[in-house]
Peer 1: 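Pasting a structure below so you can have a look.
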Amino acid sequence: MYPVPARIEKIRVETEDGLIKSFYLRLLEEKPFVHKPGQFAMLSVLGKGECPIGIASSPKEELLMFSVFRTGLVTDALHRLSEGMVIGLRGPMGNGYPVESFCGKNIVLIAGGFAVTTLRATLLYLLENRKDFGQITMIYGARSPGLLLYRDELKAWQKRKDLNLYLTVDREVAGWDGLVGFVPQITEKIAPSGKESVALVCGPPIMIKFTLPILEKLGFSPQDIYLSLENKMRCGLGLCRHCNVGPALVCKDGPVFTLAQLKRLPQEY
Amino acid sequence: MTFEPKIIAFLCNWCSYAGADLAGVSRRAYPPSIRIVRVPCSSRVSPAMIFDALKSGADGVLVAGCHPGDCHYLTGNMFARRRFYMLKKLLEFTGLEPERVQFSWVSASEGDVFAAIVKEFTITLEKLGPNLNFRKIIKGEGFGFLCRKD
Amino acid sequence: MASFAEKIKEAAKNVLKEGLASGILAYTKGQDIFCERITFVSTKDEISKIIWPSFGGLNPANYLKKLKGKKLALFAPGCVARAVVVLIKEGQIKREDVFLIGVPCPGMLDPKKLKNSFPQIIAIEDDFKENLTIKTPSTSKNLKRIDFLRDTCLYCKYPLPETYNILLPAEGKRPAKDPYALVEQIEGLDISLRSKWFWDQFLSRCIRCYACRNACPLCYCDFCFVDETRPAWIGKSRDPIDVALYHLVRAYHLAGRCVECGACQAACPFDIPVALLTKKLGKEALHAFGYEAGLSLEEPLLFNTFHENDPEDFIFTHKLKEQGKI
Amino acid sequence: MLYVLGREKLDNWLAFLEKKARLFVPGKEKFEPYQGNITFESKPLLSPKEFFLPPREPMLSFEVTPGAFPEKLSPSPDERIIFGVRACDAYALTLIKKVYQEDVFFSLRYKNTSLIGKACLAESTDCFCWAMGIDPFSGSGLDLLFLEKDEKLLLKPITEKGKTLVPVEAKEALPEDKALFNEIAKNFLKNKNPSPSLLRLKEKDLMTIYNASFWEKLSFACLNCGICTFLCPTCYCFDVHDEVVGEKGLRIRVPDSCMFLLYTQHASGHNPRRSPLARFRNRFMHKFKYFLDEYGEPLCVGCGRCNTNCPAGINLWEIIQAMGEV
């Protein structure tokens with residue numbers, strides 16, 4: 001329950017509305033921090049509290065990176081901090097994506113809005129170990145071009161031959177020459193095959209609701225569709241029970257669940 | 001060391017804050033015990049704000065607004081008067097040193113009245129001593145089971 | 001003459017038969033003798049389960065918020081009718097959505113008073129007038145109801161409702177002659193003793209379960225001030241100052257609204273006299289502003305109005321003037 | 001091993017224990033520091049859970065300045081003895097321990113606290129440990145169990161620590177005392193079997209219970225206050241809260257209740273369990289299904305505190321039965 005101090009090395013404003021900032025952290029303790037894509041950590045600002053944030057950096061990157069959406073007490077306080085300040089960090093927590101089991105399969109990453117963070121970590125991991133996986137497709141949508149995260153990296157990824165990246169925005173905007181439309185429709189249009197494939201879906205509930213039937217239609221079995229949940233959380237250790245979804249705890253058993261698992265759980269997320 | 005009380009004052013923007021300003025401009029001397037929070041109207045002040053000030057260590061809280069009938073919003077202070085009356089009675093009932101919370105009317109032209117209020121309030125608080133009963137104390141070992149006296 | 005319980009059932013039957021409401025909020029029997037539960041009764045078969053409670057600590061008006069949009073009937077002794085009136089005046093419900101079956105209230109018993117005197121009660125017979133018979137494994141005993149009434153009922157000013165659609169013919173408890181006796185008892189204490197009373201009764205016992213808040217028919221905010229985080233007015237722990245803050249602000253939020261039903265105190269597992277704080281404010285509202293909550297549908301709410309001659313002897317400026325300091 | 005001590009030597013025993021560590025004895029509302037007198041007619045309202053998951057567990061202390069390093073806090077290592085704990089309350093701690101094994105705060109408090117249990121001789125109408133499958137004479141969770149019978153105290157140490165708590169004056173029990181002890185233990189459990197509903201619950205499908213229609217009816221009366229969760233000896237949820245006064249701050253762990261709206265409220269305003277029904281259901285599903293499935297026993301020790309103190313008249317048994325019969 002004790003956080004480890006971490007220094008903010010760099011802060012980057014990700015979106016044009018300024019509501020999402022990425023924090024690059026360096027741990028001030030010698031203990032190694034080993035995480036898997038899809039895991040999260042508790043960031044704490046003394047005097048305000050703690051909140052769980054998905055780890056957006058890949059395990060190989062030197063600095064830990066968290067992209068934080070400004071919404072509550074702690075994230076608000078985080079956004080007021082500047083480079084060089086120290087915050088607390090606990091983690092890594094949760095199960096993460098079972099990336100080892102994806103070997104040899106085609107992978108479809110579907111992200112909406114700022115939920116892309118842990119999928120960035122996953123994508124980086126996949127690209128680092130590119131030869132282990134089949135086709136990699138990523139569909140990423142936001143309300144407007146200015147709300148897409150990691151825009152520099154997106155540009156670089158678009159150039160890559162071994163990755164099919166589809167970017168989409170909800171409405172036509174001047175200067176945007178990419179796809180237009182909601183993520184579920186784009187997914188339907190691109191129609192990645194569900195054979196020998198896994199899908200990782202991360203986004204707002206409404207996007208998930210409409211994307212899942214399409215994926216099932218494309219032949220993805222519920223065991224191969226991975227979703228990442230978030231719930232209010234206090235300890236991250238499976239003690240406080242704030243994050244329970246029926247018998248499962250998002251902090252210990254999750255945050256990554258397969259659709260097959262979620263179908264057996266009450267809808268408390 | 002003598003005790004210097006800390007007073008949090010919620011002053012209405014239109015009358016009392018101007019009155020405090022006038023006290024300063026006309027060089028009226030009053031004790032430096034006061035910390036002013038400017039509010040739009042005396043009726044903006046809720047009891048939670050008053051208690052929060054006391055809890056955080058203020059020795060007294062002063063709320064000042066326009067004289068009845070002079071409110072910038074016509075009747076704000078008249079509503080406030082009823083509420084403060086109730087609050088005062090509640091504090092008296094629970095024995096929580098009601099003298100620590102004071103309400104007053106100060107108009108924009110009453111610089112010397114404002115100075116006198118601060119002076120008298122400070123004297124009252126000096127007699128009363130520091131706020132120990134309604135101040136939150138943060139303790140490392142918090143076996144709260146037995147309460148503070150433990 | 002029909003018994004009290006039969007009159008209640010009869011009235012309920014009529015309400016449903018004539019379609020005056022889609023259902024009735026009434027007490028039904030719980031699992032043991034001290035346990036009575038408010039239920040939403042909407043079918044004929046369920047009517048037989050309706051009882052008039054001997055203990056009934058909660059105010060059925062509290063459940064109106066759970067059943068918004070339905071037309072409901074309530075058995076209304078004075079405090080329930082008053083709570084409904086306050087809810088109507090505050091725009092929470094519409095008058096035409098509630099059908100009030102006025103009941104001259106005989107007063108509710110205090111299970112704690114009974115259990116303290118007789119720890120092993122196995123059955124209770126209540127005539128809802130003056131007498132009460134209890135059975136313990138060894139004996140049975142006749143008691144006077146008045147000795148075991150809840151404090152709030154004992155000092156109740158309005159057992160008879162002022163607002164209702166129909167009124168059951170029955171004889172209720174007489175209004176208390178000295179409704180504020182308990183409040184005055186505390187007022188009569190020296191300030192240090194009052195402070196000690198507040199500390200001993202409230203601050204060192206309250207566990208912040210918020211039962212008093214949730215049991216109150218008039219605490220209907222979607223988001224309570226204790227839950228606010230920006231700013232957090234009140235700490236979450238059992239720190240005595242935070243407990244004090246909670247009780248003071250809770251009472252203050254009920255100033256001029258409390259209908260003195262005593263549900264808050266009845267709900268408290270520690271029997272903290274929480275109802276006294278709001279009763280004190282009720283007394284002040286009556287004395288200073290001539291206002292009593294929930295008696296009339298027309299009169300404006302206490303804090304929604306003012307009078308030029310409202311008391312202001314507490315104003316610091318006036319005190320200084322009196323003393324000739326300004 | 002069994003020891004005998006004369007009833008009149010009880011004070012000597014307590015004095016002996018007081019010398020060893022801070023001694024707490026049952027009061028009416030909570031366990032209080034021993035001050036020379038003791039009664040143990042009934043369980044205190046607050047269970048000894050309060051010593052292990054206290055209402056305030058400071059975790060970090062810090063200065064609210066950027067870059068400041070927090071100081072790690074841990075519970076005081078002072079030894080404590082809690083006297084007169086009932087078997088149910090002690091068993092509850094073994095249940096909490098299953099979840100909190102690795103928690104530093106709980107473990108340290110658990111290590112430093114000795115529990116001396118008092119055996120219940122007669123069954124009470126309010127509680128039902130046996131129905132939850134607990135044998136109160138097994139001494140599970142206790143360090144020492146004693147039984148009061150005819151001016152004699154029979155002391156049965158359960159753990160190694162418990163052996164050190166036996167006073168020197170206590171004599172080794174004679175065979176007839178041993179027989180007496182065994183007989184009382186056997187008689188207590190005569191005709192008392194674990195509830196059949198519980199056995200049925202183990203086999204039931206989780207989602208069938210979850211989606212059952214009875215929840216609506218049973219949860220209607222619930223006020224969603226925190227009495228049951230705070231008084232429950234097994235409820236272990238907590239909230240983490242930063243308290244700041246001026247420059248000083250403290251991160252504390254405080255008990256939380258799943259009955260509260262804020263329990264699951266996200267910062268965005270989304271709430272997975274917004275309805276009172278969902279929160280009510282979650283509490284009982286956790287106790288009698290989720291925990292049961294994971295650890296093989298329910299998260300309930302049958303102390304009966306929730307039933308007797310619920311202001312809304314909710315009864316655990318009705319819910320267990322309804323869950324078992326879906």
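Letters go in sequence order (proteins before strands), and every chain restarts at 1. Only a predicted model underlies this, so the values are computations on that prediction, with no experimental measurement involved. Just so it is clear, the values below take in all heavy atoms, side chains as well, and ignore hydrogens, waters and symmetry mates.
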Peer 1: Can you give me the closest heavy-atom contact between B/G95 and C/S195, atom names plus distance?
Peer 2: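 The pair with the smallest heavy-atom distance is O-CB, 3.3 Å.
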
Peer 1: Going from CD on B/E120 to CZ on C/F316, what distance comes out if it is rounded to the nearest 0.5 angstrom?
Peer 2: 6.5 Å

Peer 1: Select, from B/E92, B/M49, B/E110, B/K89, the one with the greatest count of heavy-atom pairs under 4.5 Å involving chain C.
Peer 2: B/K89

Peer 1: May I ask you to name which of C/L320, C/D310, C/L193, C/I191 has the most heavy-atom pairs under 4.5 Å with chain B?
Peer 2: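 Answer, by heavy-atom pair count under 4.5 Å with chain B: C/D310.
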
Peer 1: Atom OG1 of B/T94 and atom CZ of C/F202: how far apart are they, to the nearest 0.5 Å?
Peer 2: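 Nearest 0.5 Å value for the OG1-CZ distance: 8.5 Å.
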
Peer 1: Quick one: pull up NZ in B/K136 and CG in C/D239 and give me the separation to the nearest 0.5 Å.
Peer 2: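 Reported to 0.5 Å precision, the distance equals 4.5 Å.
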
Peer 1: If you draw the axis of the six-membered ring of C/F289, does the NZ or CZ of B/R82 fall within 45° of it and under 6.0 Å from the ring centre?
Peer 2: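 Judged by the rule, B/R82 and C/F289 form a cation-pi pair.
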
Peer 1: With side chains defined as the heavy atoms from C-beta onward, is the minimum distance between B/F134 and C/L248 less than 4.5 Å?
Peer 2: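 They are in contact (side-chain heavy atoms under 4.5 Å apart), so the answer is yes.
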
Peer 1: Tell me, side chain or backbone of C/S192 under 4.5 Å from chain B's heavy atoms, or both, or neither?
Peer 2: neither

Peer 1: Sort out for me which of C/H247, C/H253, C/E187, C/E308 touches chain B most, counting heavy-atom pairs under 4.5 Å.
Peer 2: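 If we count pairs closer than 4.5 Å to chain B, C/E308 comes out on top.
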
Peer 1: Could you walk me through whether B/R81 and C/F314 pass side-chain contact (heavy atoms from CB on, under 4.5 Å), step by step?
Peer 2: CA-CA 10 Å; B/R81 185 168 62 181; C/F314 65 97; 4.2 Å; yes

Peer 1: Would you check if C/E284 and B/F93 make a side-chain contact, meaning some heavy-atom pair closer than 4.5 Å?
Peer 2: no

Peer 1: Using heavy-atom distances under 4.5 Å, tell me whether C/V243 contacts chain B through its side chain, its backbone, both, or neither.
Peer 2: neither

Peer 1: Does C/K113 have more than 12 heavy atoms from other residues, nucleotides or ligands lying within 6.0 Å of its NZ?
Peer 2: yes

Peer 1: Atom CG of B/L96 and atom CZ of C/F198: how far apart are they, to the nearest 0.5 Å?
Peer 2: 5.5 Å

Peer 1: Any idea which of C/L277, C/D242, C/V249, C/N304 has the most non-hydrogen atom pairs under 4.5 angstrom with chain B?
Peer 2: C/D242

Peer 1: For C/F225, is it the side chain, the backbone, both or neither that has a heavy atom under 4.5 Å from a heavy atom of chain B?
Peer 2: neither

Peer 1: Would you say C/D178 has more than 12 foreign heavy atoms packed within less than 6.0 Å of its CG?
Peer 2: yes

Peer 1: Using a cut-off of under 4.5 Å for heavy-atom pairs, which of C/R194, C/H307, C/Q323, C/H318 has the most such pairs with chain B?
Peer 2: C/R194

Peer 1: Quick one: what part of C/W233 sits under 4.5 Å from any heavy atom of chain B, side chain, backbone, both or neither?
Peer 2: both

Peer 1: Using side-chain heavy atoms (C-beta onward) and a distance below 4.5 Å, is B/V106 in contact with C/T317?
Peer 2: no

Peer 1: I need the minimum non-hydrogen distance between C/P311 and B/Y85, along with the two atoms involved.
Peer 2: CG-CE1, 3.8 Å

Peer 1: Report yes if some heavy atom in the side chain of C/L302 is under 4.5 Å from a heavy atom in the side chain of B/M86; otherwise report no.
Peer 2: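 Yes; the side chains approach each other to less than 4.5 Å.
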
Peer 1: B/F84 versus C/E312: any side-chain heavy-atom pair under 4.5 Å?
Peer 2: no

Peer 1: Answer with side chain, backbone, both or neither: which region of B/S46 has an atom nearer than 4.5 Å to a non-hydrogen atom of chain C?
Peer 2: neither

Peer 1: For B/K6, does the NZ atom have more than 12 heavy-atom neighbours from other residues, nucleotides or ligands under 6.0 Å away?
Peer 2: no

Peer 1: CZ of B/R27: more than 12 outside heavy atoms within 6.0 angstrom?
Peer 2: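 Not buried by this count: 12 neighbours or fewer within 6.0 Å.
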
Peer 1: Between C/Y246 and B/F51, is any pair of side-chain heavy atoms under 4.5 Å apart?
Peer 2: no

Peer 1: Find the distance between CG (B/L90) and OG1 (C/T278) and round it off to the nearest 0.5 Å.
Peer 2: 10.0 Å

Peer 1: Between atom NZ of C/K325 and atom CD1 of B/I123, what is the distance when rounded to the nearest 0.5 Å?
Peer 2: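 Here the rounded value is 6.5 Å.
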
